[in-house]
Amino acid sequence: MRVYFDNAATTAMDDRVIAAMLPFMKEHYGNPSSVHSHGREVRTAIERSRKKVAELLNATPAEIFFTSGGTEADNTAIVCGIQTHGIQHAITSPLEHHAVLHTLEECAKKGMVKLSLLEVNDQGDINLDHLQDLLRANPKSLVSVMHANNEIGNINDLTAIGNLAREYDAFFHSDTVQTMGHYVHDLKNLPVDAIVAGGHKFHGPKGSGFLYVKKDKKITPFIYGGAQERNMRGGTENVIGIIGIAKALEIAYEDMDGHRKHVEDIKSRFIEKLKADIPGVEFNGLSAEMDKSLYTVLNVSLPPSEENGGMLLFNLDLHGISASGGSACSSGATVGSHVLRAIGAKADRDSVRFSFSRFNTVEEVDYTVEKLKELYGVIA
Ligand SMILES: Cc1ncc(COP(=O)(O)O)c(C=O)c1O
């Protein structure tokens with residue numbers, strides 16, 4: 001059996017997404033900037049995709065900019081948010097994805113901002129009193145806090161954080177890569193200035209993404225060149241990526257509750273079976289709390305073991321099970337996780353992130369727990 005439990009790293013594409021993209025690899029190959037009919041038909045399709053994304057998120061098309069993925073969208077929001085709004089102080093958490101952390105560290109190194117890191121506890125909860133203290137001392141900051149953590153699954157309260165940011169006139173960017181396509185984002189009612197998406201996290205194509213920027217918080221471009229994306233991102237558009245990400249988001253919204261129910265059943269069965277069958281099992285962050293973590297992510301901490309120490313992902317792989325030890329976006333996924341370090345996870349235990357999609361089955365959970373039992377010498 002081969003089991004793919006690494007959906008927080010990337011997901012399989014939906015056949016309907018591929019079908020929507022194919023005509024734009026074959027017959028509709030015009031450059032969307034060309035004024036002739038070959039170009040115009042592609043331009044129309046891009047704008048239809050933008051309108052679809054905007055409708056689903058309760059935003060306006062003028063607020064959506066297509067990018068090469070979540071990383072570029074994060075970079076754009078942060079770097080250009082800082083530059084456009086004359087921001088001198090930034091606040092983030094040590095649990096952010098490197099797309100945010102490394103970008104802000106670079107901004108601090110270049111002297112663009114002073115950077116403050118929020119306090120987090122050993123569950124990965126962010127200290128909102130600390131956020132308020134930092135904002136009080138540094139109004140007009142940039143606040144960048146992710147919606148949900150890609151490693152431990154913790155979901156942050158964007159409304160509470162956004163309201164604080166508003167109170168102190170801060171620019172609030174949230175990395176929503178792990179929640180886009182899995183949760184509803186109602187941007188008329190969510191107090192955020194910029195959020196992002198990567199299409200490959202919800203059954204769309206890799207190398208596709210978008211950035212939402214609230215219309216009264218406009219920013220300058222990150223990539224200069226032609227007039228594409230209304231002068232916000234030069235370069236001929238990744239047409240198939242744009243068609244694909246919009247289709248993937250449309251499919252995600254069509255039956256979000258159904259998908260969620262399916263994946264939640266998988267995750268809760270996994271938790272129950274692990275608790276019942278693997279003595280000493282623990283869970284990192286809030287990932288075992290169904291209402292406080294992504295339904296797609298379960299971060300398991302396994303007891304110290306001579307056979308598996310440092311080899312657990314390899315041993316699972318030998319049984320055909322693909323999972324991850326940290327953020328899979330950094331290639332060589334077994335390098336230590338900055339997130340687990342920041343929440344003080346015990347170094348002698350092995351941590352493994354299982355992450356799910358609607359294409360997974362409960363049989364795959366049962367198979368994986370059986371293999372874990374074998375690996376940990378649990379006698380049936
Ligand atoms: C939370 C988070 N932010 C950003 C990214 C980067 O997204 P992309 O791969 O689309 O550049 C990832 C990818 O794992 C992620 O999990």
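Throughout, residue positions are numbered sequentially from 1 according to the sequence presented. We count ligands from 1, going down the list as the structure has it; atoms in each ligand are counted the same way.
Residue contact check: Gly69 has heavy atoms under 4.0 Å from atoms 10 (O) of ligand 1. Short contacts between ligand 1 and Thr71, defined as distances under 4.0 Å to a heavy atom of the residue, involve ligand atoms 6 (C), 7 (O), 8 (P), 11 (O). Near Met146, the atoms of ligand 1 lying under 4.0 angstrom from a non-hydrogen atom of the residue are 1 (C). Each of the atoms 12 (C), 13 (C), 14 (O) of ligand 1 lies under 4.0 Å from some heavy atom of Lys201.
Closest heavy-atom contact between Glu364 and Thr361: OE1-N, 3.0 Å.
Ring pair Phe356/Phe270 is tilted by interplanar angle, where 30° to 60° counts as tilted. Note: His28 and Phe24 have tilted aromatic rings, judged against thresholds of 30 and 60 degrees for the angle between ring planes.
Residue-level proximity to ligand 1 for Glu72 is absent, since no heavy atom of it falls below 4.0 angstrom.
With Arg50 contributing its side chain and Ile64 its backbone, the two residues share a donor-acceptor pair below 3.5 Å.
Both Met13 and Tyr253 belong to a single network of hydrophobic side chains, linked directly or stepwise wherever heavy atoms of I, L, V, M, F, W or Y lie under 4.5 Å apart.
Using a non-hydrogen distance threshold of 4.0 Å, Glu96 does not register as a contact of ligand 1. Note on ligand 1: His200 sits in its first shell, one or more heavy atoms being nearer than 4.0 Å.
One finds no salt bridge joining Arg269 and Glu272 here, because no Lys/Arg side-chain nitrogen approaches an Asp/Glu carboxylate oxygen to under 4.0 Å.
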